[in-house]
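Notes to accompany the following structure.
Remember, it's 1-based here, ligands and their atoms both numbered in the order they're listed. Given the structure is predicted, the values throughout are model-derived calculations rather than measurements. FYI, the numbering just counts along the sequence from 1.
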Amino acid sequence: MRHIAIIGSGPAGYYTAEAAQKKFGDDVAIDILDRLPVPFGLIRFGVAPDHQSIKAVSRRYEKVALTDNVRFVGNVSVGKDVSIEELQGLYDAVVLATGAPNDRELTIDGAELAGVYGSAAFVGWYNGHPDFKDLNPPLDGKDVVVIGNGNVALDVARILSKTCSEFEGSDIVAHALETIAASKIENITFLGRRGPHQIAMTPKELGELGRLEKACPRVDMGDFPPEGDDAMLEPGMRKAVTHLREFGGITESHRVDKKIDINFDFFASPLTINGDGKVESVTVEKTRLDQDLRSQGTGETYDIKASLVVSCIGYQTPPIEGVPYEHGRGRFANDEGRILPGLYCVGWARRGPSGTIGTNRPDGYAIVDLLAEDMSASATKNGRAGLDDILASRHVNVVTFRDWKKIEEAEHANARDGSPREKFVDIEAMIAASQI
Ligand code: NAP
């Protein structure tokens, strides 16, 4: 029997488990550990609550989770309840599938002011992550600045712009829905430090911005290269830029009923965030592209009002003591997923925060190919029996997949009309529901 521990129950974790089942059949026991009592990581806490079709992929992970040789070991914090070294002693392979839940740091003056958030916290707040349930962001001002031109920036702007009826069918948590419904927002400004041809937004998600009930995107066509240059873009990017050009054609009469303006400020890099105790404005430096398409400051600045700033400039994997880490890239130092003998990483923890959910599937299969090369068939490790002994001796309240199904059932029962679930946002409430 081969024993594999996977740390993290998000997409990379479950695709790795699926691949290991396929590769080793009955000759493997896989434990998926998560510090939270609920599985699926990014699917539950990262994917936007109004993108339920993307979240539906968790059904595929559930099939894996419900097989005999895979176990969910929830509410277990690696580094606190059990150490990496202990896991390495118990399992033939330990795979870090910890994702990239920490923000890439915004290092400008004023980033520490009240009202400035990283996207991890902000997205976590509207998705009911227990760590961010009390964030209480100020949505009572008129002006929001969203830093970044990626899909997370798009998610944040769209969620802030929707009406209650547009959230029908979503699982946005009640505290966020109430705050957004009462919001006074009138302007949302994306700051993109490069131009329309350098956005990291994908066409489907960008297109949604043009179909909002009470918000309308606005671009300055002066920021665009000649239309003929779009032909040089790869097809997805060309489609995205076509959406941007369409936004440029929106007439003022179409905007009359739209309370919220969503502005794209291109060639705009945040220089400082200003305010007395809390954010009041952002000083922006105009940029231009150099030969390598990197942004360069021009020295020309302007200020925009801001009562809320959300920095959506990417994520990083939290380091783990004793595990080699690549600080510049915010991920574990690894060679194709190998970190140290018996220790691997996969998904965002391996390659950094890029790609779609589906990108993690080939990643999971590739790491299992490496495990198969490295692991001897006559393994004699203690595996889950050893883990159970350690956790019992430390009185850790483990949440199993069966327990999670009880939490899920209670979340379904608590759902408001038209919503699939009302998530528990407290760990204690999750555990209480699991014990009914
Ligand atoms: P991202 O795609 O890497 O975008 C980050 C953005 O931040 C880029 O526009 C980048 O500009 C900008 N940026 C980085 N550092 C900056 C700085 N110091 N100052 C100003 N701007 C800065 O990251 P993300 O939006 O967090 O998304 C992470 C991954 O999840 C991506 O692969 C994304 O596609 C995926 N995702 C997908 C969906 C979906 O499919 N629905 C939803 C959410 C996220 P530069 O290009 O100039 O560096």
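Residue contacts with ligand 1 for Cys312 involve N, CA, C or O but no side-chain atom from C-beta outward (heavy atoms, distance under 4.0 Å). Looking at Phe190 against ligand 1, nothing comes within 4.0 Å, counting heavy atoms.
Residues His129 and Val123 are not in side-chain contact: their nearest non-hydrogen atoms beyond the backbone lie 4.5 Å or more apart. Taking 4.5 Å as the limit, every side-chain heavy atom of Arg194 sits out of range of all side-chain heavy atoms of Thr287.
Considering Thr356, Asp155, Ile108 only, the shortest heavy-atom separation from atom 42 (C) of ligand 1 involves Asp155. Evaluated by nearest non-hydrogen atom to atom 34 (O) of ligand 1, the leading choice among Val156, Asn151, Ile199 is Asn151. Of the listed options His51, Arg193, Arg104, Arg193 places a heavy atom closest to atom 18 (N) of ligand 1.
The nearest heavy-atom contact from the protein to atom 12 (C) of ligand 1 is Gly148 CA, 4.0 Å. Of all protein heavy atoms, the one lying nearest to atom 22 (C) of ligand 1 is Ile313 CG2, 3.4 Å. Among all protein heavy atoms, the one lying closest to atom 46 (O) of ligand 1 is Arg194 NH2, 2.8 Å. Gly355 N, 2.8 Å is the protein heavy atom nearest to atom 32 (O) of ligand 1.
Thr163 and Glu213 form a side-chain donor-acceptor contact under 3.5 Å, judged by distance and modelled atom types alone.
In this structure, Arg211 does not pair ionically with Glu208, as no charged nitrogen and carboxylate oxygen lie closer than 4.0 Å. Using a 4.0 Å cut-off between charged nitrogen and carboxylate oxygen, Glu252 and Arg218 count as a salt-bridge pair. Between Glu166 and Arg158 there is no salt bridge, since no side-chain nitrogen of the basic residue lies less than 4.0 Å from a carboxylate oxygen of the acidic one. In this structure, Arg416 pairs ionically with Glu422, as a charged nitrogen and a carboxylate oxygen lie closer than 4.0 Å. At a threshold of 4.0 Å, the pair Arg238-Asp230 does not count as salt-bridged, since none of the basic side-chain nitrogens sits closer than that to a carboxylate oxygen. Salt-bridge annotation for Glu411 and Arg44: present, with a side-chain N of the basic residue lying under 4.0 Å from a carboxylate O of the acidic one.
Atoms of ligand 1 lying under 4.0 Å from at least one heavy atom of Tyr315, given by number and element, are 26 (O). Atoms of ligand 1 found under 4.0 Å from any heavy atom of Asn149 (numbered from 1 in listed order, with element): 6 (C), 8 (C), 9 (O). Set against the non-hydrogen atoms of Trp348, the atoms of ligand 1 under 4.0 Å away are 29 (C), 30 (O). Interface atoms of ligand 1 facing Val152, defined by a heavy-atom separation under 4.0 Å, are 24 (P), 25 (O), 26 (O), 27 (O), 43 (C), 44 (C). Set against the non-hydrogen atoms of Ser354, the atoms of ligand 1 under 4.0 Å away are 32 (O). The distance from ligand 1 to the heavy atoms of Pro353 drops below 4.0 Å at these ligand atoms: 28 (C), 29 (C).
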Quick one, Lys23 with Glu18, criterion salt bridge (charged side-chain N to carboxylate O under 4.0 Å, His left out). Give me CA distance, side-chain angles, the key distance, then yes/no.
CA-CA 9 Å; Lys23 180 71 103 188; Glu18 180 188 285; over 6 Å; no

Does the pair Lys214 and Asp257 meet the rule for a salt bridge (charged side-chain N to carboxylate O under 4.0 Å, His left out), with working shown?
CA-CA 7 Å; Lys214 66 165 183 190; Asp257 297 330; over 6 Å; no

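For ligand 1, the polar-atom distance check against Ala153 finds no nitrogen or oxygen pair separated by under 3.5 Å. The N/O atoms of Glu205, backbone and side chain alike, include one that comes under 3.5 Å of an N/O atom in ligand 1.
Under a 4.0 angstrom heavy-atom cut-off, Gly314 registers as being in contact with ligand 1.
Note that atom 10 (C) of ligand 1 has no protein non-hydrogen atoms nearby, at separations under 4.0 angstrom. In this structure, atom 3 (O) of ligand 1 has its sub-4.0 angstrom surroundings free of protein heavy atoms.
A cation-pi arrangement is not found for Arg245 relative to Phe247, the charged atom failing to lie both closer than 6.0 Å to the ring centre and inside a 45° cone about the ring normal.
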